[in-house]
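Keep in mind that this is a model prediction, so the values were computed, not measured.
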Amino acid sequence: MIGCTLVKKIGGNKVLWGVIVETEAYSQKEPACHGHKKRTPSNQTLFGEPGRFYIYLTYGIYHCVNIVTDKSEWASGVLLRALSMPDEEERICSGPGLLARKFKLDRTYDNRPISKKNGLWVINKSSSLKNQKIVKTTRIGISQAKDLQWRWYLQSSRSVSKRAKGDQLPSTKKSWSPSIENSP
DNA sequence: TCAATGATTAGC
DNA sequence: CTAATCATTGAT
């Protein structure tokens with residue numbers, strides 16, 4: 001999903017968009033996944049059709065946006081952790097809660113299929129990241145299965161929420177940011 | 001390190 | 001029913 005553009009329709013003919021630069025994977029087979037134990041009304045979207053948004057409230061304050069993956073009856077998804085937005089919006093979506101806040105996404109968007117018709121969709125623009133390095137590392141903010149390296153981020157992006165140990169973006173090097181190429 | 005904040009769940 | 005937990009964030 002890294003390099004894909006998340007797009008939300010806002011009002012008549014305007015859209016809000018940003019490029020996904022950080023993600024995490026979750027699977028029923030490991031204990032950090034919401035669907036690891038059992039299917040409930042709150043996590044059922046995760047067990048449903050792939051290609052839908054799974055959105056939940058966390059810590060009472062923030063929402064997190066996921067894309068359901070794999071197959072029905074098997075809980076798995078990708079958490080969108082950070083977006084890079086055009087121009088002056090740098091680091092405004094650097095964390096899953098901030099991302100959901102900026103795009104005003106909540107439970108009303110839960111279980112919606114990814115589609116332009118529904119006002120929230122994703123476009124594959126990952127070819128714009130040609131020759132760009134993707135860092136693979138451990139997930140953040142979980143208490144179980146901390147060892148799995150199921151977090152990925154675009155090394156050259158300043159919008160990544162938290163960098164892996166030892167991975168500092170040199171101030172001399174120009175960071176990656178979205179261009180017209182990534183626009184919907 | 002810790003508080004804010006509320007839905008959800010484990011346990012009785 | 002109650003207490004603990006939680007895929008977070010921002011401030012210290």
Side-chain angles (χ1 to χ4, degrees), chain A residues 1-6 8 16 18-85 88-114 120 122 134-155 157-165 167-169 175:
Chain A
M1 304 250 11
I2 304 279
C4 291
T5 298
L6 178 70
K8 187 193 181 190
L16 194 59
V19 177
I20 299 165
V21 296
E22 181 183 349
T23 61
E24 281 178 0
Y26 287 86
S27 166
Q28 187 170 341
K29 70 182 179 191
E30 48 86 14
C33 180
H34 286 178
H36 178 65
K37 288 181 180 170
K38 60 180 180 180
R39 190 172 181 156
T40 69
S42 53
N43 69 17
Q44 63 175 331
T45 298
L46 209 47
F47 288 84
E49 286 179 46
R52 293 183 178 225
F53 291 100
Y54 167 54
I55 302 182
Y56 64 91
L57 177 66
T58 187
Y59 296 101
I61 311 174
Y62 297 100
H63 289 271
C64 290
V65 180
N66 299 251
I67 288 170
V68 179
T69 56
D70 204 1
K71 59 194 175 188
S72 291
E73 311 306 317
W74 178 257
S76 60
V78 171
L79 171 67
L80 306 187
R81 289 199 53 93
L83 303 182
S84 183
M85 297 188 69
E88 67 284 349
E89 308 274 17
E90 206 61 38
R91 286 197 68 79
I92 200 77
C93 293
S94 297
L98 300 178
L99 183 163
R101 188 176 70 185
K102 177 67 183 174
F103 276 66
K104 290 190 167 64
L105 299 174
D106 57 24
R107 286 287 283 175
T108 64
Y109 282 84
D110 179 60
N111 204 32
R112 283 197 202 186
I114 298 172
L120 184 62
V122 175
I134 305 287
V135 175
K136 176 187 176 187
T137 183
T138 50
R139 295 178 295 183
I140 295 178
I142 51 172
S143 54
Q144 298 176 88
K146 286 179 168 174
D147 53 315
L148 295 177
Q149 297 195 121
W150 282 11
R151 183 165 73 101
W152 294 265
Y153 66 84
L154 183 63
Q155 201 274 335
S157 172
R158 214 184 291 284
S159 296
V160 167
S161 70
K162 193 177 184 212
R163 314 190 74 86
K165 192 185 170 193
D167 173 38
Q168 238 195 129
L169 189 60
S175 64

* Structure fact -> Here the distance between atom C1' of B:dT8 and atom NE2 of A:His36, to the nearest Å, is 17 Å
* Asked: Looking at the side chain of A:Tyr54, which of B:dG6, C:dT8, C:dA7 is the nearest nucleotide?
  -> C:dA7
* Asked: What nucleotide, of C:dT8, C:dA7, B:dG6, holds the atom closest to the side chain of A:Leu57?
  -> B:dG6
* **Phosphate OP1/OP2 of C:dC6 contacted by A:Ser143 side-chain N/O (<4.0 Å)** => yes
* Structure fact -> Of the candidates C:dA7, B:dA10, C:dT9, the side chain of A:Lys37 sits closest to B:dA10
* Between C:dG10 atom P and A:Tyr59 atom OH, what is the distance in whole Å? -> 14 Å
* Structure fact -> Whole-Å distance, A:Arg101 CZ to C:dG10 P, equals 6 Å
* Asked: Side-chain N or O of A:Thr40 less than 4.0 angstrom from OP1 or OP2 on B:dT9?
  -> yes
* To do: Would you kindly give the CG-to-C1' distance between A:Asn66 and C:dT8, to the nearest whole Å?
  => 14 Å
* For A:Asn43 and B:dA10, what is the distance between atoms CG and P respectively, to the nearest whole Å? -> 11 Å
* Asked: Any donor-acceptor pair under 3.5 Å between the side chain of A:Tyr56 and the base of C:dA7?
  -> yes
* Structure fact -> In whole angstroms, the gap separating P of B:dG6 from NE2 of A:His63 amounts to 11 Å
* In the structure shown, which nucleotide is the Watson-Crick or G-U wobble counterpart of B:dT5, with both distances under 3.5 Å? -> none
* **Ring centroid separation A:Tyr56 to A:His63 under 6.0 Å** => no
* Asked: Looking across every strand, which nucleic acid part, if any, lies under 4.0 Å from A:Leu80 by heavy atom: base, sugar-phosphate, or nothing?
  -> nothing
* Does C:dT12 pair with anything, Watson-Crick or G-U wobble, both distances under 3.5 Å, and if so, with which nucleotide? -> none
* Which is true for A:Ile61 with a 4.0 Å heavy-atom rule: it touches a base, it touches only sugar-phosphate, or it touches nothing? -> base
* Asked: Under 4.0 angstrom, heavy atoms only, what part of the nucleic acid is A:Ile142 near: base, sugar-phosphate, or nothing?
  -> sugar-phosphate
* Rounded interatomic separation in angstrom, taking CH2 from A:Trp152 and C1' from C:dA7 -> 14 Å
* Can a side chain N or O of A:Thr58 be found less than 4.0 Å away from OP1 or OP2 on B:dG6? -> no
* Length of the CZ-C1' vector between A:Arg139 and C:dC6, whole Å -> 14 Å
* Structure fact -> Of A:Gln144 and A:Leu98, the one whose nearest nucleotide on DNA chain C sits closer to the 5' end is A:Gln144
